[in-house]
2 protein chains.
Amino acid sequence: MFDIRVFIALMSVDKKEHIMHVAMELFAEKGFEGTSIRDLAQKADVNIAMVNYYFGSKEKLFEQLLADKVQFMRAKIEAVESNESLTEIEKIDHIIDGYVTRFLAQPDFHRVFLQELLVTQRANLHQHVLSLFEKNTRDVVSIIEKGIQKKQFKKVDPQLTFISIVGTINQVMMSKEMCNTLMHASTNHNPYQDPKFKKRIIEHIQQMVHAHLIITTVS
Amino acid sequence: MFDIRVFIALMSVDKKEHIMHVAMELFAEKGFEGTSIRDLAQKADVNIAMVNYYFGSKEKLFEQLLADKVQFMRAKIEAVESNESLTEIEKIDHIIDGYVTRFLAQPDFHRVFLQELLVTQRANLHQHVLSLFEKNTRDVVSIIEKGIQKKQFKKVDPQLTFISIVGTINQVMMSKEMCNTLMHASTNHNPYQDPKFKKRIIEHIQQMVHAHLIITTVS
DNA sequence: GTTTAAATTAAACAACTGTTTAATTGTGAT
DNA sequence: ATCACAATTAAACAGTTGTTTAATTTAAAC
């Protein structure tokens, strides 16, 4: 049955989500301060008052953009960490794969996330993003420490090892043009949807982290 | 002899440089769009017209901030690369040390640099920053490739290896609070002036890159 | 059809933006 | 003292900002 109320409700959600989607693009491209509500309203083809009607303010829209993704961001790492059937190095490999997959799937959002890590202007948002990162750091650090305890890993710096993993991906994600230079591709190419690109990054990080972590038994 | 003209000239330079110094701090903290000329003028204790008087515009001030440091940014890598008396791994170690030293010495500027890499709003500035990064990438990649050619290095991904080096430092530099969490220090601590912090980062990266690059000869 | 409430709109709001102007001050050379 | 010019200032400029208002439209419930 065609229920007009459901249709309307869906349209309404779509409109809100449409605004959020466009906002994500603009924030990623121009930054938070660089994006005006009028820009956003025009690109999303809605009235400028709708942003405040739906979200209350520009800053709250931004907060909701982050909050909406945060739940999903945390879930994977927690799932991997609590999976008892995986060895420590398998967990690390899963986390690397998960990070790259997630970041490549939502490059726009990730750039917004990085901006907020970089700019301390909006203190509470900055703290929020920071605390999320710290949670992830703690999880991965405890995995590496367990590997060291089991004498499977070298006595490395666990915190900085995690930072190298995330830092590598972030550095790659910082600019589309940079990715295309890496892939020797043309400027209009979209590297984030290129499976070869994804494979290349995952293999590099895993290879490097393996060499860094795993104790080579002299035969 | 006390020459009033020299004094004035010095004062004048000092005033310009004073504005640039304060601008660097504000841009790093609030971003380019987030920093208003009135903010800057107030914090630097100058008239708001002085910025346009000295630099022409806010954007030109920003460009000059970058341009002023760029020369110094390139010099070290080029010097290391052309130094014939160094082995490939020594060159890499020097570059790692140089990067960390430079970035820790000018954390404010570096955050501005990263912001410009992240935000594509000011296209020409973005391209400029990008091309600088590509130059450095090419230099380091050619060092790694030479190491591979000489069968001293494993057949790694040279581009992504460089990105891991820079990415690790950038990730650390992204937030002062993050550094303090790493060092288990209090919030008001300045990690960028802590020699222990510097040592820890350099040792981690060098250790990781060594494991990643150097072929372990089975004895 | 009437009612009720949500959705949508154009217009106005006050505050802030980067920049320019025109007047004034300070300084060194003549 | 006078001149020329750089430095400095407060004020005004035109445009944009995020947000609010008050009016209008839409659509479901009765």
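- Atom CD1 in A:I19 sits about 11 Å away from atom C1' in C:dT8, given to the nearest Å.
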Table of protein N/O atoms under 3.5 Å from nucleotides 17-24 of chain C N/O atoms:
unit_1: C:dT17; atom_1: OP1; unit_2: B:S36; atom_2: OG; d: 3.3
unit_1: C:dG18; atom_1: OP1; unit_2: B:T35; atom_2: O; d: 3.2
unit_1: C:dG18; atom_1: OP1; unit_2: B:K58; atom_2: NZ; d: 2.7
unit_1: C:dG18; atom_1: OP2; unit_2: B:I37; atom_2: N; d: 2.8
unit_1: C:dG18; atom_1: N7; unit_2: B:R38; atom_2: NH1; d: 2.8
unit_1: C:dG18; atom_1: O6; unit_2: B:R38; atom_2: NH2; d: 2.8
unit_1: C:dT19; atom_1: OP2; unit_2: B:N52; atom_2: OD1; d: 3.2
unit_1: C:dT19; atom_1: OP2; unit_2: B:K58; atom_2: N; d: 2.8
unit_1: C:dT19; atom_1: O5'; unit_2: B:N52; atom_2: OD1; d: 3.4

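- Rounded to a whole Å, the CG atom of A:L40 is 17 Å from the P atom of D:dT16.
- Every side chain to side chain donor-acceptor pair (under 3.5 Å) that A:E134 has, sequence neighbours left out, goes to B:T181.
- Applying the salt bridge (charged side-chain N to carboxylate O under 4.0 Å, His left out) test to every pair with at least one member in residues 48-62 of chain B, sequence neighbours left out, gives no pairs at all.
- What separates CZ of A:F62 from C1' of D:dG18 is a distance of 16 Å, to the nearest Å.
- In terms of the side chain to side chain donor-acceptor pair (under 3.5 Å) criterion, residue partners of B:N83 (sequence neighbours excluded) are, by chain and number, B:S85.
- At C:dA7, none of the side-chain N or O atoms of A:Y54 fall inside 4.0 Å of OP1 or OP2 (strictly under the cut-off).
- To the nearest angstrom, P of D:dG18 lies 13 Å from CD of A:Q42.
- Every pair passing salt bridge (charged side-chain N to carboxylate O under 4.0 Å, His left out) that includes a residue from residues 157-169 of chain B is listed here, sequence neighbours excluded: A:R200-B:D157.
- Under the 3.5 Å distance criterion, with hydrogens and angles disregarded, a donor-acceptor pair is assigned to the side chains of A:N170 and A:H110.
- Applying the side chain to side chain donor-acceptor pair (under 3.5 Å) rule to A:D97 yields the partners A:T101; only residues at least two apart in sequence or on another chain are considered.
- Residue A:M50 contributes atom CE, which lies 12 Å from atom P of C:dA10 at whole-angstrom precision.
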